[in-house]
Amino acid sequence: MLTRKRPQDAHAQRLLTLYGELDQPDRATLLALAEFLRARADVASPEQPPAAIPAPKELPRPERESVVAAMRRLSETYHMLDKGAVLHQASALMGAHVMHGKAAAEVIDELERLFQQAYQRLLQD
């Protein structure tokens, strides 16, 4: 009797195959992206908006920063934002970096604008 693999099993196997073909830095990048996507899935929308919107935390941008580290920094800086909407847009920017080789500094600049714009919209609403 033949059994058919479920689609997610085939995807998992393909991902493992690709992982095995990557060098160590690319494996670390793939793992960071997977962790980011998993965190995005865990984000829950706030139950009730706060009475006052807090100011962003002042966390300076390090001279050399990875895109994943920038996401962590910006998430902490703009802790008051609904991460679901921001992370959806940010995942496209991370994909441009990881999959298409867009420069990290360029992606981080765009991420900073994205978070700042989301904060401004929150203040206006």
Side-chain angles (χ1 to χ4, degrees):
M1 176 187 232
L2 291 174
T3 58
R4 245 179 100 163
K5 284 188 177 182
R6 295 182 303 179
Q8 67 252 26
D9 293 340
H11 292 144
Q13 185 58 47
R14 178 71 179 136
L15 187 59
L16 285 171
T17 300
L18 290 170
Y19 179 85
E21 294 171 356
L22 297 174
D23 61 13
Q24 195 57 37
D26 287 342
R27 285 180 179 184
T29 299
L30 179 60
L31 183 57
L33 179 60
E35 288 172 345
F36 166 75
L37 293 173
R38 180 63 181 112
R40 183 181 73 177
D42 288 341
V43 174
S45 59
E47 292 178 15
Q48 198 168 20
I53 299 170
K57 288 183 183 179
E58 291 294 325
L59 299 174
R61 179 176 173 176
E63 189 176 315
R64 295 185 64 131
E65 183 177 41
S66 71
V67 173
V68 173
M71 281 298 303
R72 288 184 190 128
R73 175 178 57 83
L74 292 167
S75 291
E76 187 176 344
T77 298
Y78 295 98
H79 55 90
M80 73 297 294
L81 296 178
D82 173 11
K83 300 300 187 280
V86 176
L87 292 179
H88 176 72
Q89 294 173 310
S91 66
L93 292 171
M94 287 194 69
H97 172 65
V98 173
M99 306 300 273
H100 302 292
K102 189 170 186 177
E106 221 177 302
V107 171
I108 293 169
D109 289 343
E110 291 181 37
L111 287 170
E112 287 182 339
R113 280 191 294 278
L114 174 70
F115 274 83
Q116 187 177 33
Q117 289 168 352
Y119 180 71
Q120 291 304 316
R121 281 192 303 275
L122 179 65
L123 291 176
Q124 291 172 359
D125 293 342

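What you see is a predicted model; the values in this text were computed from it and never measured. One is the number of the first residue; the rest follow in order along the sequence.
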Does a sphere of radius 6.0 Å around CZ in Arg72 hold more than 12 heavy atoms from other residues, nucleotides or ligands, not counting ones at 6.0 Å or beyond? no
Hey, what do you get for CD (Gln120) to CZ (Arg113), rounding to the nearest 0.5 Å? 14.5 Å
Mind listing the closest non-hydrogen atom pair of Ala52 and Pro54 along with its distance? O-CD, 3.4 Å
Start with the C-alpha gap between Tyr119 and Thr77, add the side-chain angles, then the distance that decides, and say whether side chain to side chain contact (heavy atoms under 4.5 Å, CB included) holds. CA-CA 10 Å; Tyr119 180 71; Thr77 298; over 6 Å; no
dist Tyr78:OH -> Glu112:CD (nearest 0.5 Å) comes out at 7.5 Å
Is any NZ, NE, NH1 or NH2 atom of the basic residue among Arg121 and Asp82 found under 4.0 Å from an Asp or Glu carboxylate oxygen of the other? no
Look up atom CD in Gln117 and atom CG in Leu81, then write down how far apart they are to the nearest 0.5 Å. 11.5 Å
Step-by-step side chain to side chain contact (heavy atoms under 4.5 Å, CB included) determination, Lys102 to Val67: CA-CA 11 Å; Lys102 189 170 186 177; Val67 173; over 6 Å; no
Under 4.5 Å between side-chain heavy atoms, counting indirect links through other Ile/Leu/Val/Met/Phe/Trp/Tyr residues: same cluster for Leu122 and Val86 or not? yes
Can Leu18 be reached from Met99 by stepping across I, L, V, M, F, W or Y side chains whose heavy atoms are under 4.5 Å apart? no
As an exercise, state the distance from CE of Met71 to CG of Leu114, rounded to the nearest 0.5 Å. 8.0 Å
CE-CD distance between Met94 and Glu110, expressed to the nearest 0.5 angstrom: 13.0 Å
The reported gap from CD in Glu65 to CD1 in Ile108 (rounded to nearest 0.5 angstrom) is 4.5 Å
